[in-house]
Amino acid sequence: MSIKDVGPDPQAFDLEGETLENESYRTVAWSGKYLQVTLMSIPVGGDIGLEQHPETDQFIRLDSGHGRAQMGPSKDQLTFDEPVTDGWCVLVPAGSWHNVTNVGDQPMQLYTVYAPQHHSPGKVHETKDIAAADTDDEPADWSVQPESAPDRHA
């Protein structure tokens, strides 16, 4: 991969190409003051992870693979259940519990846009387990963050 998070400096890159080349669970590609772009590779049978962002809308786009997008008002009530594939996007309203699971036979390549930042600029997590164990994955001090509840994970 050739992408490097340059923080809030201007950036341009081949988003689809970098997404398809990314082999890590999560790679932070760009971190702005109000917005962040991450690339993700979800293995067969894996998922993004059930979570809720109380004050963050999220945009997820698949560039490769087949997934199952689920959302709802609580982690036990996922009332939205939609198959998604290459070229599809998943729009996650703030406060919705959500997950995207790889139901295909190849890694699912996607990118996600958060507003505001959710991860340390330039952070790379090779696997979901490494990401879950990371205690030093906080947004940059210079990013603008809401003053309410933190994200929740199931």
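Any value given below was found using the heavy atoms of this structure, including those in side chains, with hydrogens, waters and symmetry copies removed. For this chain, numbers begin at 1 and follow the sequence in order.
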For this session: Sort and list the pairs that fulfil salt bridge (Lys or Arg N to Asp or Glu O under 4.0 Å) and have at least one residue in residues 81-108, not counting sequence neighbours.
Result: R68-D81

For this session: Scan residues 115-125 for pairs that pass salt bridge (Lys or Arg N to Asp or Glu O under 4.0 Å), counting only residues two or more places apart or in two chains.
Result: K123-D134

For this session: Assess whether side chain to side chain donor-acceptor pair (under 3.5 Å) is satisfied between T112 and Q58, documenting all intermediate values.
Result: CA-CA 7 Å; T112 183; Q58 186 176 2; 2.7 Å; yes

Using a distance-only test with no angle check, is there a side-chain donor-acceptor pair under 3.5 angstrom linking [X] and [Y]?
X	Y	value
E23	S41	no
T19	Q109	no
T27	N22	yes

Exercise. From S143 OG over to K33 NZ, what is the distance, rounded to the nearest 0.5 angstrom?
Worked result: 10.0 Å

For this session: Apply salt bridge (Lys or Arg N to Asp or Glu O under 4.0 Å) to D5 and list each qualifying residue two or more places apart in sequence or on a separate chain.
Result: none

Exercise. Excluding sequence neighbours, so at least two apart, what forms salt bridge (Lys or Arg N to Asp or Glu O under 4.0 Å) with D129?
Worked result: none

Exercise. Partners of N99 by side-chain contact (heavy atoms from CB on, under 4.5 Å), sequence neighbours excluded?
Worked result: D47, I48, L50, T101

Exercise. Residues in side-chain contact (heavy atoms from CB on, under 4.5 Å) with L35, at least two apart?
Worked result: W30, V113, A115

For this session: Anything under 30° is parallel, anything over 60° is perpendicular, the rest tilted; go ahead and classify H53 against H118.
Result: perpendicular

